[in-house]
There are 2 protein chains.
Amino acid sequence: MKDSKIIDVARRANVSVATVSRVLNASHLVSPKTKEKVLKAIEEMNYTPNALAKNLRSRKTMTLGVVVSDILVAYYAEIIKGIENTANSLQYKILICDAQNQKEKEQEYMSLLMNRTVDGMILVTPKLSNKEIAAYADNGYTIGLIGRFIDHPNIPCAYTDNVKMAKEVVNHLIGQGHEKIAFLSGYADAIDSYERLEGYMKALRDAGMPFIPDLIENGNFNEEGGYAAFKRLKEKNIDFTAVFAANDEMALGVYKACRELSIEIPRQMAVVGVDNNRITKYVTPKMSTVEQPKYTMGALLAEKLIDQMNDNAFSDKRAFKVDSKLLIRESSLSS
Amino acid sequence: MKDSKIIDVARRANVSVATVSRVLNASHLVSPKTKEKVLKAIEEMNYTPNALAKNLRSRKTMTLGVVVSDILVAYYAEIIKGIENTANSLQYKILICDAQNQKEKEQEYMSLLMNRTVDGMILVTPKLSNKEIAAYADNGYTIGLIGRFIDHPNIPCAYTDNVKMAKEVVNHLIGQGHEKIAFLSGYADAIDSYERLEGYMKALRDAGMPFIPDLIENGNFNEEGGYAAFKRLKEKNIDFTAVFAANDEMALGVYKACRELSIEIPRQMAVVGVDNNRITKYVTPKMSTVEQPKYTMGALLAEKLIDQMNDNAFSDKRAFKVDSKLLIRESSLSS
DNA sequence: TTATTAAATGAAATCGATTACACCCAACCA
DNA sequence: TGGTTGGGTGTAATCGATTTCATTTAATAA
């Protein structure tokens with residue numbers, strides 16, 4: 001039952017605990033008939049090894065922690081799938097941690113790493129600073145990063161080129177004839193926001209178009225934020241005909257604001273988001289957005305991190321910059 | 001750093017490991033100045049206790065496992081939030097397990113319970129049979145269930161009354177003047193499906209309307225399934241003017257099929273789903289659906305289960321039937 | 001001052017596995 | 001026949017904490 005232990009099995013099979021352990025761990029150093037006896041005893045007693053004892057002794061848990069900002073956001077859920085499937089195929093389990101957008105929760109979850117509950121951690125767009133993250137790595141903990149890059153010899157990263165992505169989006173809008181393009185950024189302190197803004201500016205510069213600071217607003221990466229930001233833009237009374245929102249949620253907020261203000265998308269206002277949330281295909285008009293290889297990033301990083309934990313052979317390649325893809329749909333198409 | 005242990009701290013502070021342990025566990029049995037010495041040593045050595053050793057000795061992990069069918073589905077994500085917040089407030093952590101719709105994965109994750117990695121498990125609409133689940137409970141493991149009910153003295157359950165819910169939906173459709181109402185069920189073996197079908201039939205009976213088996217189709221709880229099921233219904237050439245889909249995903253599939261077949265919702269076909277997925281508000285027309293108190297179910301059950309683990313005082317109330325709410329939107333409203 | 005009691009502390013057992021090391025014994029070789 | 005060899009097995013140390021029990025120290029009462 002629930003509380004039989006290795007010594008009970010040993011007694012029942014008339015062998016030592018060492019032998020039972022050998023059977024459990026598929027050692028070749030045990031004769032077929034002994035093995036059979038032991039297996040029979042295990043079966044009869046319904047014995048399952050205590051993972052805590054095992055992990056304590058072996059000093060590993062074969063578990064990877066994954067910290068995401070919000071498990072409700074599909075972006076994270078898909079990354080998790082990538083990590084999980086790869087990890088499982090390499091005999092690792094994953095422990096999913098929902099930081100609920102709070103930095104303190106992230107930190108709490110990091111303690112799982114420090115107290116040996118997990119062998120490594122994958123942080124997906126964490127709020128922790130580069131310095132804080134690097135400190136963990138410097139102390140010998142195994143950490144990987146998704147959706148962000150830190151230049152540190154022990155921290156593998158998988159991320160998209162936000163600058164390039166944003167440039168592509170803005171170029172597309174310019175190509176559609178837009179000259180005044182607003183940008184909705186996410187949290188002011190999020191690297192993604194910053195980089196996307198950078199790409200936005202570069203695209204304008206390359207096209208010889210002026211950068212108008214008033215066309216930048218912050219929308220906190222969520223729907224309400226996007227809604228409010230768009231209203232603020234409108235109140236400024238500056239003309240603009242397109243909005244590039246740093247994610248789909250904010251773009252959805254723009255949709256809502258436009259509906260209220262009777263602004264027709266895309267005829268009067270072009271809109272592009274980022275993430276390819278499933279919803280973008282269901283809204284009217286269908287939303288143009290950017291697809292990032294979420295599953296792939298998860299899978300790539302999980303493999304890399306597990307590799308690193310096992311042979312300590314840090315291959316030089318630890319930065320995986322993957323390509324994103326602009327999906328042009330109705331919301332940004334001039335007729 | 002990473003590998004200092006309690007004995008190192010003890011030596012540095014010139015005390016015994018027992019004393020350090022007492023400080024760590026906030027025992028009152030330690031003098032202020034000793035305590036200070038110890039805390040200083042802990043601080044200086046950057047010591048963190050090894051959770052594996054601690055859990056092994058104390059025979060608990062203060063961790064709850066949560067097995068969901070698919071982490072990408074918002075329904076589960078919200079339940080998880082409810083569980084997590086409640087658990088955290090009671091000093092418990094949760095370990096989220098994504099079974100990816102596979103029964104074998106569910107079973108794999110159950111082994112976390114059996115090998116003492118978690119103190120208890122919450123299963124959300126699992127594929128495991130009642131008998132299998134009861135067997136775990138009978139063996140002394142702590143299990144709770146969400147979205148399903150098993151009559152077992154040790155298994156607390158939080159679920160909605162599917163029969164009542166389905167009746168309400170069908171009554172609403174009847175009230176809108178529909179006489180031929182199709183039903184799209186989920187997995188044939190899912191209890192939810194079965195119960196919703198039961199409610200559907202009861203509502204018909206109560207209204208004195210005939211039950212037409214040909215109007216029942218299986219849609220596997222996903223969009224493609226709903227799409228295909230609707231097409232099959234249409235091919236049968238039986239008239240019907242409304243569809244009740246056992247979840248929103250399938251209803252979405254119906255939307256797609258209708259678009260292809262140029263059937264206008266709700267004028268020619270009324271549609272109602274279940275779950276209140278966020279998408280339902282964004283589709284055109286807005287989808288009528290049923291809201292279940294997901295967060296509440298999670299919170300309720302987490303509290304109950306933790307209670308049960310701690311005082312072993314099984315209060316008699318272990319079945320929480322919560323009320324769902326029909327949200328009537330555009331897709332089911334005759335003009 | 002001494003007896004009594006309570007508060008602090010430490011030594012060692014314990015949780016349940018893995019594994020280094022020692023040992024036994026049968027098979028093989030010289 | 002005696003000495004190697006090595007496969008199979010057992011004993012005991014170990015992982016890093018908690019906790020029981022015994023002991024020392026300090027505080028209080030007599």
Side-chain angles (χ1 to χ4, degrees), chain A residues 1-39 41-42 45-63 111-119 140, chain B residues 1-39 41-42 45-63 111-119 140:
Chain A
M1 297 301 114
K2 170 171 164 176
D3 23 9
S4 58
K5 21 192 184 181
I6 200 171
I7 192 168
D8 303 321
V9 174
R11 279 202 259 267
R12 176 158 197 138
N14 258 91
V15 296
S16 74
V17 293
T19 298
V20 177
S21 177
R22 288 189 189 104
V23 171
L24 286 171
N25 295 284
S27 163
H28 51 285
L29 280 172
V30 46
S31 77
K33 52 174 150 310
T34 314
K35 181 171 174 181
E36 201 181 348
K37 265 197 311 187
V38 172
L39 287 176
I42 288 176
M45 311 192 67
N46 217 323
Y47 165 79
T48 49
N50 182 315
L52 300 173
K54 175 172 183 154
N55 295 341
L56 174 59
R57 179 62 228 240
S58 63
R59 297 159 146 285
K60 27 169 135 170
T61 62
M62 300 300 282
T63 303
S111 70
L112 294 180
L113 222 200
M114 303 177 60
N115 71 27
R116 317 275 95 198
T117 299
V118 300
D119 296 340
Chain B
M1 297 303 113
K2 170 172 163 178
D3 24 8
S4 56
K5 20 193 187 180
I6 200 170
I7 193 170
D8 302 320
V9 174
R11 278 204 260 267
R12 175 157 196 138
N14 257 90
V15 296
S16 72
V17 293
T19 300
V20 177
S21 177
R22 288 190 189 103
V23 171
L24 287 170
N25 295 284
S27 161
H28 50 287
L29 280 172
V30 47
S31 78
K33 50 173 152 308
T34 314
K35 182 171 174 183
E36 201 182 347
K37 266 198 309 186
V38 172
L39 287 175
I42 288 176
M45 312 192 65
N46 216 322
Y47 165 80
T48 49
N50 182 316
L52 300 173
K54 174 173 184 155
N55 295 341
L56 173 59
R57 178 63 226 237
S58 62
R59 298 160 144 286
K60 26 169 135 170
T61 63
M62 300 300 281
T63 303
S111 69
L112 293 180
L113 221 200
M114 304 176 60
N115 71 27
R116 317 274 93 199
T117 299
V118 299
D119 296 340

Under 4.0 Å, counting only non-hydrogen atoms across every strand here, what does B:Ser21 touch: a base, just sugar-phosphate, or nothing?
base
[X] side chain near [N] phosphate (N/O to OP1/OP2, under 4.0 Å):
X	N	result
A:Thr34	D:dT9	yes
A:Asn25	C:dT18	yes
A:Lys5	C:dG16	yes
B:Ser31	C:dT9	yes

Name of the residue among B:Val9, B:Leu39, B:Val38, B:Ile42 meeting side-chain contact (heavy atoms from CB on, under 4.5 Å) with B:Leu24:
B:Ile42
When you compare the side chain of B:Lys60 with that of B:Asn55, does any pair of heavy atoms fall below 4.5 Å?
no
Within the 4.5 Å heavy-atom criterion, are B:Thr19 and B:Thr34 side-chain neighbours or not?
yes
Rounded to whole angstroms, how far apart are [atom1] on [X] and [atom2] on [N]?
X	N	atom1	atom2	result
B:Ile6	D:dT19	CD1	C1'	11 Å
A:Arg11	D:dT9	CZ	P	19 Å
B:Asp8	D:dC15	CG	P	11 Å
A:Leu24	C:dT19	CG	P	12 Å
B:Arg22	D:dA17	CZ	C1'	13 Å
B:Ile7	D:dT14	CD1	C1'	13 Å
B:Lys54	D:dT18	NZ	P	5 Å
B:Asn50	D:dT18	CG	C1'	13 Å

Look at the side chain of A:Arg59 against the base of D:dG16 and say whether a donor-acceptor pair falls under 3.5 Å; ignore hydrogens and angles.
no
Heavy atoms from C-beta onward define the side chain here; which of [options] lies closest to that of [X]?
X	options	answer
B:Thr19	C:dT9, C:dG16, D:dT9	C:dT9
A:Leu56	D:dT18, C:dG16, D:dA12	C:dG16
B:Val17	D:dT18, D:dT14, D:dT11	D:dT18
B:Val30	C:dT9, C:dT18, D:dG16	C:dT9

For B:Ser16 and for A:Ala18, find the nucleotide of DNA chain C with the closest heavy atom, then tell me which residue's nucleotide is more 5'.
B:Ser16
Determine, step by step, whether B:Asn50 and B:Ile6 satisfy the side chain to side chain contact (heavy atoms under 4.5 Å, CB included) criterion, reporting the C-alpha distance in whole Å, the side-chain angles of both residues, the deciding distance to 0.1 Å, and the verdict.
CA-CA 9 Å; B:Asn50 182 316; B:Ile6 200 170; over 6 Å; no
Would you check if there is a donor-acceptor pair between the side chains of A:Thr48 and B:Asn115 at a distance under 3.5 Å?
no
